[in-house]
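Predicted model only: the values in this text are computed from it and were never measured. Positions are given from 1, in the same order as the sequence printed here.
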Amino acid sequence: MRTRLLLLLCMAGLFLACGANPSSEDYEQVVVQNRVARDMEMRDKESVLPPGRREAFQGLNFYEVDPAYRYTVPLRRFETPDTVMIPESTGDLRPQQRVGEVTVPLPEGPEKLVVFRGEGDTPRGRLWIPFADSTNRHATYRGGRYVDLMSTDSDSVVVDFNRSYNPTCAYNPDFACPLPPPQNRVAVPVPAGEKQPSFGG
């Protein structure tokens, strides 16, 4: 099972990270494969789910894949990146480096979002955006969601909200998860990506 998971994730990651412009059908297939792999990973006995919640876990929920929520936009890097302390779900603080900002043209209007790199990541490591929107609490996790950015061959990045995901604390409250900063809280809905998970019982 793990070999299959890794294969699916690698296929999805390589397809999107290579800067390809997939057709709508190919793009949707890759996103769905990634979602299936994530769901299978969550069901594994070594997942982040605590034993009690694993038994009640009924699967991940997602919005329908919508290519309109995949954007290739310029990354405006800050001349001097700075490190800020972001509040976590447990009340602690976590250092994150602010590296720049992007403007995503959401249907209701453009939104400027701050891009971060974790303090433990390498200079060429993961860039990500913690964000909150008006779907939180009723359709998506109340604490907001995350989206990892994919680099292109230019100074632009791919911000794909279809691949946005819940923080770990949505599945296990014992984990400490960075919360979206005020700059990344948008008043409009972002109906794409991962919804609230389902637990029975």
Side-chain angles (χ1 to χ4, degrees), residues 8-9 12-13 15-17 20-43 48-49 57-75 86 89 101-116 126-152 156-173 175 177-200:
L8 286 170
L9 287 170
F15 189 90
L16 292 177
N21 292 313
S23 67
S24 294
E25 183 177 345
D26 290 340
Y27 167 70
E28 181 174 351
Q29 181 179 2
V30 170
V31 174
V32 170
Q33 286 177 340
N34 184 269
R35 291 176 173 184
V36 170
R38 180 164 164 79
D39 185 88
M40 292 172 63
E41 183 179 27
M42 196 64 68
R43 295 173 188 271
V48 298
L49 288 172
F57 181 64
Q58 296 181 337
L60 299 179
N61 297 314
F62 299 92
Y63 286 100
E64 293 293 325
V65 179
D66 186 349
Y69 282 91
R70 181 181 188 269
Y71 308 100
T72 300
V73 293
L75 171 59
I86 295 184
S89 55
E101 60 186 16
V102 295
T103 298
V104 290
L106 294 174
E108 292 81 1
E111 289 284 348
K112 187 180 295 185
L113 300 171
V114 178
V115 176
F116 293 90
R126 180 179 70 121
L127 299 179
W128 69 297
I129 297 174
F131 72 97
D133 67 282
S134 64
T135 68
N136 298 160
R137 293 187 179 276
H138 60 89
T140 60
Y141 179 59
R142 65 180 185 276
R145 292 176 290 166
Y146 303 157
V147 59
D148 295 340
L149 308 188
M150 291 168 282
S151 299
T152 67
S156 297
V157 291
V158 177
V159 183
D160 189 352
F161 288 110
N162 289 294
R163 295 165 65 88
S164 60
Y165 57 95
N166 294 324
T168 306
C169 52
Y171 306 98
N172 188 336
F175 279 79
C177 301
L179 301 175
Q183 306 96 306
N184 287 1
R185 297 179 181 273
V186 299
V188 299
V190 181
E194 201 167 303
K195 294 182 176 182
Q196 292 189 47
S198 295
F199 293 95

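Residue Q196 comes nearest to R137 through the heavy atom pair NE2-O, 3.3 Å, listed as atom of the first residue, atom of the second, then distance. The minimum heavy-atom distance linking Y171 with F199 is given by the pair CD2-CZ, 4.3 Å. Across all their heavy atoms, Y141 and N136 have their closest contact at O-ND2, 3.4 Å. Across all non-hydrogen atoms, the minimal contact from N61 to S198 is ND2-OG, 2.7 Å. Across all non-hydrogen atoms, the minimal contact from G144 to P167 is O-CD, 3.3 Å. In terms of heavy atoms, P189 sits closest to S134 at N-OG, 2.9 Å.
With respect to the salt-bridge test (charged N to carboxylate O, under 4.0 angstrom), the residues R35 and D39 do not qualify.
Under the ring pair (Phe, Tyr, Trp, His ring centres under 6.0 Å) criterion, F116 pairs with no residue at all, not counting sequence neighbours.
A side-chain contact (heavy atoms from CB on, under 4.5 Å) with L113 is found for exactly one of V159, V147, V73, V186, namely V186.
Checking side-chain atoms of T103 against main-chain N and O of P110 turns up no donor-acceptor pair under 3.5 Å. A donor-acceptor pair is defined here as one N or O able to donate and one able to accept, closer than 3.5 Å; such a pair exists between the side chain of N184 and the backbone of P130. At distances below 3.5 Å, not a single donor-acceptor pair connects side-chain atoms of D148 with backbone N or O atoms of W128. For the pair R70 (side chain) and N162 (backbone), a donor-acceptor distance under 3.5 Å is absent. Formation of a donor-acceptor pair under 3.5 Å by the T135 side chain with backbone atoms of A139 is not found in this model.
Contact check for L49 versus M42: side-chain heavy atoms found under the 4.5 Å cut-off. P178 is listed as a side-chain neighbour of Y146, based on a closest heavy-atom distance under 4.5 Å. No side-chain heavy atom of E101 sits less than 4.5 Å from a side-chain heavy atom of Q183. Contact of the N166 side chain with the K195 side chain is not registered, since no non-hydrogen atoms from C-beta on lie closer than 4.5 Å. By the 4.5 Å heavy-atom criterion applied to side chains, S89 and F175 are not counted as neighbours. In this structure the side chain of V190 never reaches within 4.5 angstrom of the side chain of E111, judged on heavy atoms.
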* Taking it one step at a time, do V115 and V157 satisfy side chain to side chain contact (heavy atoms under 4.5 Å, CB included)? -> CA-CA 11 Å; V115 176; V157 291; 5.9 Å; no

* Asked: Hey, mind stepping through L60 and Y165 against side chain to side chain contact (heavy atoms under 4.5 Å, CB included) and telling me if it holds?
  -> CA-CA 10 Å; L60 299 179; Y165 57 95; over 6 Å; no

* Step by step, would you call T140 with Y63 a side chain to side chain contact (heavy atoms under 4.5 Å, CB included)? -> CA-CA 10 Å; T140 60; Y63 286 100; 3.8 Å; yes

* Asked: How far apart are the C-alpha atoms of Y71 and L106, what are their side-chain angles, what is the distance that settles it, and do they pass the side chain to side chain contact (heavy atoms under 4.5 Å, CB included) test?
  -> CA-CA 9 Å; Y71 308 100; L106 294 174; 3.6 Å; yes

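The six-membered or imidazole ring of F161 lies near that of F131, with a centre-to-centre distance under 6.0 Å.
Atom CG of residue N34 and atom CD of residue Q29 lie 12.5 Å apart, to the nearest 0.5 angstrom. Atom CG of L127 is separated from atom CE of M150 by 11.5 Å, given to the nearest 0.5 angstrom.
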